[in-house]
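First comes the structure, then the notes that go with it.
Just so it is clear, the model here is predicted, and its values are computed rather than measured. All values below come from the heavy atoms of this structure, side chains included, with hydrogens, waters and symmetry mates left out.
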Amino acid sequence: MSDNSLELKGSLFPMSVLHCADLSVATLQTLLSAKLAQAPAFFLQAPIVLNLNDTSQIPDFVSLKSLFTELKLVLVGVSAANPEQKTAAHAAGLAVLQAPKANVKTREHAPAMPPATSAATSSVAAAAVATTMDSKVVEQTVRSGQQIYAKGTDLIVKGAVGAGAEVIADGNIHIYGSLRGKAIAGANGDTSKRIYCYNLQAELVSIAGNYWLSDSLQGKFWGKSACIKMQDDSLVISELV
């Protein structure tokens, strides 16, 4: 006899949370189209949750679902909803999720960049050179259009990551050259992973689904060696010296 048993198990998956005070279809179409144009491959069929903390209005969830489908995104549900919004979301077939403890809006804003102390610098430098035999090592530059994925381990790139290239790892990412493309660490949802590079000019950096695009990176650490990590539910950068 075949085993027809069914199991439902709890699990956590990284999802992008969208914050916008105006959740009208017209506004989101304009803003999302511009945002997606910066990194179309990264957001392709990405699961999205609408955070409703900034509005008391009841959005047209049915029309928003159609918009997200048109933009090749997947609208999964809502968070921080009031009772009326929850009812409307359920009627549209959306999940109602509990809002996270921290305000995840900070992940899309310009980063807070605390100065690195000598102790922090030492630990970052040690982590940058501490590799294991299980790490996936790429000896050459990763060029535009290439994608490298290190499943279940760290990724070490001894060359550069060119614009239009993408490096992904379930573990940490070490780049001993310029990072001009996309780097995605902690791809399996591990927020403790980090990205290290010797010249930060990235199109996108992401850890466990939390990301910054280049416009959020072009500040104090642009063009310098850097370590990107998660801290207090937000991405932060420190310099490698």
Test side-chain contact (heavy atoms from CB on, under 4.5 Å) applied to Leu235 and Lys229, step by step: CA-CA 6 Å; Leu235 294 174; Lys229 65 179 181 179; over 6 Å; no

Ser192/Asp190 under side chain to side chain donor-acceptor pair (under 3.5 Å): CA gap, chis, key distance, verdict: CA-CA 6 Å; Ser192 70; Asp190 189 343; 2.7 Å; yes

Steps toward side-chain contact (heavy atoms from CB on, under 4.5 Å) verdict (Met230, Asn210): CA-CA 8 Å; Met230 289 292 296; Asn210 307 288; 3.4 Å; yes

Steps toward side-chain contact (heavy atoms from CB on, under 4.5 Å) verdict (Glu166, Ile148): CA-CA 6 Å; Glu166 187 173 77; Ile148 305 294; over 6 Å; no

side-chain contact (heavy atoms from CB on, under 4.5 Å) assessment of Val161 paired with Arg180: CA-CA 6 Å; Val161 177; Arg180 294 189 173 90; over 6 Å; no

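Proximity of Leu75 to Thr69: side-chain heavy atoms (C-beta onward) are nowhere separated by under 4.5 Å. Contact of the Leu200 side chain with the Ile237 side chain is registered, since non-hydrogen atoms from C-beta on lie closer than 4.5 Å. Lys35 places a side-chain heavy atom less than 4.5 Å from the side chain of Leu213. Counting heavy atoms from C-beta on, the side chains of His19 and Val17 come closer than 4.5 Å. Between Asn199 and Leu179 there is no side-chain heavy-atom pair separated by less than 4.5 Å. Contact check for Ser33 versus Leu71: side-chain heavy atoms found under the 4.5 Å cut-off. Side-chain atoms of Leu32 and Leu18, non-hydrogen and from C-beta on, do get closer than 4.5 Å to each other. Between Val167 and Lys182 there is no side-chain heavy-atom pair separated by less than 4.5 Å.
The backbone N or O of Asp154 sits nowhere less than 3.5 Å from a side-chain atom of Asn172 that would complete a donor-acceptor pair. Listed for the Ser144 side chain is a donor-acceptor partner under 3.5 Å among the backbone atoms of Ala163. Checked by atom type and distance alone, the side chain of Gln57 never pairs as donor or acceptor with a backbone atom of Leu23 at under 3.5 Å.
To the nearest 0.5 Å, the span separating CG on Leu52 from NZ on Lys86 amounts to 10.5 Å. Put simply, CD on Glu84 and OG on Ser56 are 9.5 Å apart, with the number rounded to the nearest 0.5 Å. A distance of 12.5 Å separates CD1 of Ile48 from CG of Asn51, quoted to the nearest 0.5 Å. In this structure, CD1 in Ile195 is found 7.0 Å from CD1 in Ile175, a value given to the nearest 0.5 Å. Atoms CH2 and OG, from Trp212 and Ser206 in turn, are 11.5 Å apart once rounded to the nearest 0.5 Å. Taken to the nearest 0.5 Å, the CG atom of Leu97 stands 6.5 Å off from the OG atom of Ser79.
The two residues Ala169 and Thr153 have their closest heavy-atom pair at CB-O, 3.7 Å. Closest heavy-atom contact between Gln140 and Val157: O-CG1, 3.9 Å. Nearest approach of Ala185 to Gly171, heavy atoms of both residues: CB-O, 3.5 Å.
Classification of the Tyr198-Tyr176 ring pair by plane angle, with boundaries at 30° and 60°, yields tilted.
Donor-acceptor pairing under 3.5 Å is recorded for the side chains of Ser24 and Asp22.
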